[in-house]
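Only one structure is covered here, and it is reproduced in the block below.
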Amino acid sequence: MDITLRKAASRTLRHVLIIALGLLMIYPVVWLVSSSFKPNTLIFSEPGLWPKEVTLDNYINGWRGLQGVSFARFFSNSAIIAILCVLGNVVTCSLAAFAFARLRFKFSKFWFAMMLVTIMLPYHVTLVPQYIIFNELHWINTYYPLVLPKWLATDSFFILLMVQFIRGIPRELDESATIDGCGLKQTYARIILPLLVPALITTAIFSFIWSWDDFFSQMIYLSDIRLFTVQLGIRSLFDPTGQSDWGALLAMSTLSLVPITAIFLIFQRYFLEGIATTGLK
Amino acid sequence: MRTTRRSLAAEQNRTAYLFLLPWLIGFFMLTAGPMLGSLYLSLTEYKLLTPPTWIGLDNYIRIFTDDSTFTGSLWLTFKYVFISVPLRLVFALLVAMALNRGIRALGIYRTVYYVPSLLGGSVAIAIVWRQIFAGDGVVNDFLGWFGITAPSWISHPDYIIYTIITLSVWQFGSAMVIFLAGLKQIPADLYEASQIDGAGKLRQFFRITLPMLSPVIFFNLIMSIINSFQAFTPAFVIGDGRGGPLDATMFYTLYLYLKGFSFFDMGYAAALAWIMLIIIGLFTAIVFATSRYWVFYGDEKGGK
């Protein structure tokens, strides 16, 4: 009796700690959402999470954007870039992964090793020459520098993810397809691709999020405000030295998190499996 | 028969290279080529508008002997990596273990703990961080209940680094999900057998849990170190974007960015990038080299 009581007590304590830590974890996000609905004067004076006075002014003011360009523009720009990146990664990484996982070709071990090395390579070591190349091509202030690399399968992480996934698909399927007269290209399109869908979804989700949040590259390559993304728009609303319109800033910040959160909630299963099996961030 | 087999192999070879074509173009044009390009540029003075002029090792000599901002930013980045990476992994492991001991509604907790990793990379969250750690922010309100008057965390050069570290530790969820998956792989009979042998909880942790998880810890450690070295957005947004106050947010990548894209001293920036590559390479090599003493794979006999 005593032992079961102690066990129950320790279980309750553990539960309470887990819940308390969970609340702490989620607090900054809740603070952001709740503050975005408070009038500007109350954001910093009222510590409570539940706004005494709810207003949509922040959203209306923020949506106007800056220099006559509204956040509608920033959101559609971000969406265009992200979707093009997703398509690029899904198409070109799956092509490369099929070759690595299923085909025999000369120097395949060497290329595979190179592919593994590029996963760990910091982006910055190629940054300056890439900038120079894109500058020579007059691609500064276009989306090519952000999108083209994805169409050239430079996110080799996803290649590895798909290679591992394809290796789990029984080879007998390929072989019977060959006997039925499928060429290699048909085997890729009709056998492997349909079975690869879970890995493709994981790739698509993370490509979208990384592209949406890729503040660094966007800042380097885009300076024309009409081309700005959501991240750049928010950073421009925010003036670290002087006074910002905090209400508008927090409202747009909240909106900027909506697409990612929505994707997460819809595809949760793929997320957690993707992270657990491959260590994606 | 032999000729058809050979032609089949040749066809497969051709098709493989066709499939690899986008990746190969990317590899040469955007990875290998630019890597060598930046090595060359690091040996030149190059300001984008005039052609590069060869100056040998001058950039490197200046960096190591005559650039206190470089030294400062390197130490700052080391401090960030060496505090945030272990803390994040320890947190991830502890919470994963607490969640793994059979809990109702595990899915909800896992989601809640994962949300920070999902959103943490955005400018929006960095701005929130700046605000809740401000002098009149929520953190100080909370400390105020206990009668502690704390400074403004984000305007004090000694403390701002810690707000950036908390932001990183806060995102322990992704590592936790990986640990959770790893913990589920450990056979329960290992624990049962050791319990019969009289092993306590602590002993079980060090003799079973840690060794069985070591491949996962190894992987997490490498990826966290590589990613943390490249942290940029939090330093840029929580600080003033120019490394201030008093270079207290001058992370390595921020310094590189300012040199290359604010002052357009691209040869110098390329040299900084190569130094970063070598440092990251060294750390990865060290972790790899030590791994045979502490990483155990299941197929090894009697990993101890």
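Within every chain, numbering begins at 1; the chains are lettered A, B, ... in the order of the sequence lines, protein sequences first and strands thereafter.
- Heavy atoms of A/I209 lying under 4.5 Å from chain B belong exclusively to its side chain.
- Across A/F264, A/W151, A/Y123, the residue that shares the most heavy-atom pairs under 4.5 angstrom with chain B is A/F264.
- Residue B/F229: no heavy atom, backbone or side chain, is found under 4.5 Å from chain A.
- Residue contact with chain A, scored on non-hydrogen atoms closer than 4.5 Å, is absent for B/Y252.
- There is no contact between A/L232 and chain B, counting heavy-atom distances below 4.5 Å.
- Top candidate by heavy-atom pairs under 4.5 Å with chain B, chosen from A/S108, A/A96, A/S256, A/S156, is A/A96.
- Nearest heavy atoms, A/P129 versus B/P34: CG-O, 3.0 Å.
- Both the backbone and the side chain of B/R101 come within contact range of chain A, judged by heavy atoms closer than 4.5 Å.
- The part of B/V115 that comes within reach of chain A is its side chain, from C-beta onward, which places non-hydrogen atoms under 4.5 angstrom from that chain.
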Could you give me the CA-CA distance, side-chain angles and deciding distance for A/L257 and B/I125, then say whether side-chain contact (heavy atoms from CB on, under 4.5 Å) is met?
CA-CA 9 Å; A/L257 302 178; B/I125 290 297; 4.1 Å; yes
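- If you tally non-hydrogen atom pairs under 4.5 Å between each of B/I108, B/I132, B/L99 and chain A, the highest count goes to B/I132.
- For B/V216, no part lies under 4.5 angstrom from a heavy atom of chain A.
- With a 4.5 angstrom heavy-atom cutoff, A/W212 does not touch chain B via any of its atoms.
- When heavy atoms are compared at a cutoff of 4.5 Å, A/M115 approaches chain B by way of both its backbone and its side chain.
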Start with the C-alpha distance between A/L127 and B/L256, add both sets of side-chain angles, then the distance that settles side-chain contact (heavy atoms from CB on, under 4.5 Å), and finish with yes or no.
CA-CA 10 Å; A/L127 173 69; B/L256 194 155; 4.2 Å; yes
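- A/F216 contributes atom CZ, which lies 9.5 Å from atom CZ of B/F236 (distance to the nearest 0.5 angstrom).
- The contact between B/L18 and chain A is made entirely by side chain atoms (from C-beta outward), counting heavy-atom distances below 4.5 Å.
- The number of heavy atoms from other shown groups lying within 6.0 Å of NZ (B/K184) is above 12.
- Atom CD of A/Q268 sits about 4.0 Å away from atom OG1 of B/T111, to the nearest 0.5 Å.
- Contact annotation for A/I133: only side-chain heavy atoms (C-beta onward) come within less than 4.5 Å of a heavy atom of chain B.
- Contact record, B/Q12 with A/R102: OE1-O, 4.3 Å, taken as the closest heavy-atom pair.
- Contact count against chain A (heavy-atom pairs under 4.5 Å) is highest for B/L119 among B/I280, B/I25, B/L119, B/L180.
- When heavy atoms are compared at a cutoff of 4.5 Å, B/Y113 approaches chain A by way of both its backbone and its side chain.
- Among the candidates A/V125, A/I19, A/I159, A/V128, the residue making the largest number of heavy-atom pairs closer than 4.5 Å to chain B is A/V125.
- Ranking A/V29, A/L103, A/L17 against chain B, the residue ahead of the rest is A/L103, based on heavy-atom pairs under 4.5 Å.
- Contact of A/L23 with chain B is not made at all, since no heavy-atom distance falls under 4.5 Å.
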Test B/L41 against A/I132 for side-chain contact (heavy atoms from CB on, under 4.5 Å), laying out the working first.
CA-CA 11 Å; B/L41 285 175; A/I132 294 166; 3.4 Å; yes
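- Of the two parts of A/N135, only the side chain, counted from C-beta on, holds a non-hydrogen atom closer than 4.5 Å to a non-hydrogen atom of chain B.
- Looking at A/I220, the atoms closer than 4.5 Å to chain B (heavy atoms on both sides) all sit in the side chain, from C-beta outward.
- The minimum heavy-atom distance linking A/A99 with B/L20 is given by the pair CB-CG, 3.8 Å.
- Nearest heavy-atom pair, B/V112 versus A/G22, reported as atom, atom and distance to 0.1 Å: CG1-O, 3.6 Å.
- Looking only at distances, no side-chain donor or acceptor of A/Q231 sits under 3.5 Å from a matching main-chain atom of B/S122.
- Between B/F232 and A/F215, the two ring planes are tilted [angle within 30° to 60°].
- Heavy atoms only, all atoms of each residue included: B/V237 and A/F238 are closest at O-CE2, 3.7 Å.
- Heavy-atom neighbours of B/F261 CZ from other residues, nucleotides or ligands within 6.0 Å: above the threshold of 12.
- A donor-acceptor pair is defined here as one N or O able to donate and one able to accept, closer than 3.5 Å; such a pair exists between the side chain of B/W170 and the backbone of A/M25.
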Result block: side-chain N/O donor-acceptor pairs under 3.5 angstrom for residues 271-278 of chain B, not counting sequence neighbours:
| from | atom 1 | to | atom 2 | distance (Å) |
| --- | --- | --- | --- | --- |
| B/W274 | NE1 | B/M35 | O | 3.3 |
| B/W274 | NE1 | B/S38 | OG | 2.8 |

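- Between A/F100 and the choices B/Y17, B/F19, B/W23, the ring-ring contact (aromatic ring centres under 6.0 Å, His included) rule is met once, by B/W23.
- Under the 30°/60° scheme for interplanar angles, the aromatic rings of A/Y131 and B/F264 are found to be tilted.
- Proximity to chain A (any heavy atom under 4.5 Å) is shown, for B/I154, by neither the backbone nor the side chain.
- With a threshold of 4.5 angstrom between heavy atoms, B/F172 approaches chain A through side-chain atoms but not through N, CA, C or O.
- For a residue to count as touching a neighbouring chain, one of its non-hydrogen atoms must lie under 4.5 Å from one of that chain's; by this rule B/L48 touches chain A with the side chain only.
- The backbone N or O of B/A98 sits less than 3.5 Å from a side-chain atom of A/R14, completing a donor-acceptor pair.
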For A/Y188 and B/T15, run side-chain contact (heavy atoms from CB on, under 4.5 Å): C-alpha distance rounded to whole Å, both residues' side-chain angles, the deciding distance at 0.1 Å, then the answer.
CA-CA 11 Å; A/Y188 162 77; B/T15 318; over 6 Å; no
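- Most heavy-atom pairs under 4.5 Å with chain B, from the set A/M120, A/R11, A/M252: that is A/M120.
- Of all the listed residues (B/L39, B/L21, B/I127, B/T31), the one sharing the greatest number of non-hydrogen pairs under 4.5 Å with chain A is B/I127.
- Interface residue B/L118: backbone and side-chain heavy atoms are both found under 4.5 Å from chain A.
- In this structure, no portion of B/S42 lies under 4.5 Å from any heavy atom of chain A.
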